[in-house]
Q: 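First, the structure itself, so that you have it in front of you.
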Protein chains: 2
Amino acid sequence: MPAMPSSPAPGGRGRRPVDRPPITPTGIVDAALRLTETEGLDAWSTRQLAAALEVWPRAVYHHIGDRDAVADAVADRVVGMISLPSQELAWREWFSALLLEGRPVLRRYRGVARRLVRIGPIIPSALTMMDRGILVLQEAGFAEGATAAYRYLTNSAFTLVMVEDDRAENLPEARERLAGALAAHRDDPERRGLAAVGAAVTSRGTDDPEAIAALEDDFYAYTVERSLDGVAAVLSRPDRGGLSG
Amino acid sequence: MPAMPSSPAPGGRGRRPVDRPPITPTGIVDAALRLTETEGLDAWSTRQLAAALEVWPRAVYHHIGDRDAVADAVADRVVGMISLPSQELAWREWFSALLLEGRPVLRRYRGVARRLVRIGPIIPSALTMMDRGILVLQEAGFAEGATAAYRYLTNSAFTLVMVEDDRAENLPEARERLAGALAAHRDDPERRGLAAVGAAVTSRGTDDPEAIAALEDDFYAYTVERSLDGVAAVLSRPDRGGLSG
DNA sequence: ACCTGAACACCGTTCAAGT
DNA sequence: ACCTGAACACCGTTCAAGT
């Protein structure tokens, strides 16, 4: 067996067994989806993906293209998993359902939220979501303000998922430094604003993962509600409904 | 001169001139700040930073530590450049000023916004900003809701800067695909929601950088206003002011 | 058409040693 | 104390060749 100085051996044995069928674009995305679930979209390498498929990295390029092409396909699959609410719901309920149901799907595949907000329009399933959402807003009377409102509502929620994904990537040591930095000012008379945060942080468990998850759930729901309130405000002030210019 | 198989030559010559003073933590952050301005916080490498200082990579580790430590110091410098509004302003004006003035600073140093929303509490200058902001909200009557409102307002604006940074990283080719994907549905009767976006996109110049910047400015201002509206809504409904639990 | 095997030009970090 | 020079264990992508 030859030495492999710059690539991991695909599957550990020298050559792909002859009885195995050729890899396919669908199979590549299946494997990338599994890696995204365990590692996150930005954490797996093309070499890991190739190893999972038991081929050399070059084979993946032959079927789909570079890392970005694979990641785009993964994002399309994941966004397609988000079920779109019924078009008969009122706009506020429609978006509330979409954003609350979208979070667990996106969080399961860390890094997809970032890609969604970055290149949404070239993700086919995101275009479908956008079409439905804008229709709902148009029918609710948002007129020219519908596109800005759509982008604002989805950005608010999905960028928060992106931040949650980023923080999940933090090492335990970094998480402790974060909680500690806030708790340190709990009784600081010079920084009465931070003292309030410190008190809030220390009153709940900062080490219990379930307590932290509950805090994240609450702040996500708060974010969705405040953004819906913010957009609702333009309906009562139609002069400010669209973007200027 | 010996071969350097795994590191660039610092400064191109074999050895650092004896007359140069030793590098310092401050000098390292100065150089990293310049690289962040030209390349973005995530785009420069420790090797590039070392080359700019005309030392071998190991020397940087000796004075500050790893890449994360340098990036944290850069983020602290940049956030410290954001001037805090007068504490005498009303809460809405205070946040409007902070978020509108914070954007150009953060965009000048791409990637810092992401780090700010990810590890804010361990960035000293971000803690100062947080202390002031929460005081302003407390004095405006937000009570226990002040910390959630602070996080919501700063997240809304700074995560949008993060998305703008990400999109600035897109290659021209990817930017065209994005605009094209929306414009493609301009006259699509099957997708009336997307048609509205397509029309809006094609009515303005999609290639003129100034027109694109103006659209981004408008949407940022819209985002800030909607978030302020969303938070203002809790003042009139005090039962929903804080987070549940 | 599909894939191998190796290479190219990079990373971040750490080793042991030198002055 | 400060820094060199080299190494370790990785990256994404591309080359030329094999079946």
Side-chain angles (χ1 to χ4, degrees), chain A residues 1-28 31-32 35 39-72 74 111 169 171 173, chain B residues 1-28 31-32 35 39-72 74 111 169 171 173:
Chain A
M1 194 172 132
M4 293 185 202
S6 55
S7 284
R13 281 154 306 156
R15 176 175 276 275
R16 186 176 171 77
V18 234
D19 57 325
R20 279 179 175 272
I23 61 171
T24 61
T26 307
I28 293 170
L35 279 171
E39 313 288 325
L41 187 61
D42 298 313
W44 54 259
S45 68
T46 57
R47 294 167 126 96
Q48 276 176 53
L49 176 61
L53 292 160
E54 294 185 78
V55 294
W56 289 78
R58 188 62 182 81
V60 172
Y61 282 74
H62 181 79
H63 289 283
I64 329 194
D66 63 14
R67 199 194 187 287
D68 260 1
V70 180
D72 288 353
V74 168
E169 235 62 67
L171 300 170
E173 178 229 311
Chain B
M1 192 173 134
M4 294 183 202
S6 56
S7 283
R13 280 155 307 156
R15 176 174 279 273
R16 184 175 173 79
V18 233
D19 56 325
R20 280 180 173 273
I23 61 171
T24 61
T26 306
I28 293 170
L35 278 172
E39 313 288 326
L41 188 61
D42 298 314
W44 53 259
S45 67
T46 56
R47 294 167 127 98
Q48 276 177 54
L49 176 60
L53 292 160
E54 296 185 75
V55 294
W56 289 80
R58 188 63 182 81
V60 173
Y61 281 74
H62 182 78
H63 290 281
I64 326 194
D66 62 14
R67 200 193 186 287
D68 260 1
V70 181
D72 287 354
V74 168
E169 234 64 66
L171 299 170
E173 179 230 311

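Letters A, B, ... mirror the listed sequences (proteins, then strands); counts begin at 1. These numbers come from a predicted model, not from an experiment.
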Q: Find the distance between CD1 (A/Ile64) and CG (A/Leu49) and round it off to the nearest 0.5 Å.
A: 7.5 Å
Q: Establish, yes or no, whether the cationic atom of A/Arg47 lies under 6.0 Å from the six-membered ring centre of A/Trp56 and within 45° of the ring axis.
A: no
Q: How many whole angstroms separate atom CG of B/Leu171 from atom P of D/dT13?
A: 11 Å
Q: Round to a whole Å and report the spacing from CD of A/Glu39 to C1' of D/dC10.
A: 15 Å
Q: Take B/Val70 and B/Tyr61 through the test side chain to side chain contact (heavy atoms under 4.5 Å, CB included) and record every step on the way to the result.
A: CA-CA 9 Å; B/Val70 181; B/Tyr61 281 74; over 6 Å; no
Q: Please confirm whether the shortest side-chain N or O distance from A/Gln48 to OP1 or OP2 of D/dC11 is below 4.0 Å.
A: yes
Q: Does A/Ser45 make a side-chain N or O approach to OP1 or OP2 of D/dG12 shorter than 4.0 Å?
A: yes
Q: Please determine if a side-chain N or O atom of A/Trp56 lies less than 4.0 Å away from the OP1 or OP2 oxygen of C/dG5.
A: yes
Q: Could you measure the distance from the CZ atom of B/Arg67 to the CG atom of B/Asp72? Nearest 0.5 Å is fine.
A: 10.5 Å
Q: By nearest nucleotide on DNA chain D, pick out whichever of A/Trp44 and B/Ala59 is the more 5' one.
A: B/Ala59
Q: Which atoms of nucleotides 14-18 of chain C (N or O only) lie under 3.5 Å from a protein N or O atom, and what are those distances?
A:
unit_1 : atom_1 : unit_2  : atom_2 : d
C/dC15 : N4     : B/Arg58 : NE     : 3.1

Q: Just how far is it from atom CD of B/Glu169 to atom CG of B/Leu171, taken to the nearest 0.5 Å?
A: 9.5 Å
Q: Rounding to a whole Å, what distance do you find between A/Arg47:CZ and C/dT4:P?
A: 14 Å
Q: Report yes if at least one side-chain N or O of B/His62 is closer than 4.0 Å to OP1 or OP2 of D/dC3; otherwise report no.
A: no
Q: Is D/dA16 paired to anything, Watson-Crick or G-U wobble with both distances less than 3.5 Å, and if yes, which nucleotide?
A: C/dT4
Q: Whole Å only: how far is the CG atom of A/Asp68 from the C1' atom of D/dC11?
A: 15 Å
Q: Under a 4.5 Å cut-off applied to non-hydrogen side-chain atoms, are B/Thr24 and B/His63 in contact?
A: no
Q: Taking 4.0 Å as the cut-off, does a side-chain nitrogen or oxygen of A/His63 come that near to OP1 or OP2 on C/dA1?
A: no
Q: Find the distance B/Arg67:CZ to C/dC11:C1' and express it as a whole number of Å.
A: 10 Å
Q: Do you know which two heavy atoms are closest between A/Leu53 and A/Ala31, and how far apart they sit?
A: CD2-CB, 3.8 Å
Q: Quickly work out the A/Ile64 CD1 to D/dG12 P distance and round it to whole Å.
A: 14 Å
Q: Whom does C/dC10 pair with, Watson-Crick or G-U wobble, provided both distances fall under 3.5 Å?
A: none
Q: Taking CG from A/Asp42 and P from D/dC11, how many angstroms apart are they, rounded to a whole number?
A: 14 Å
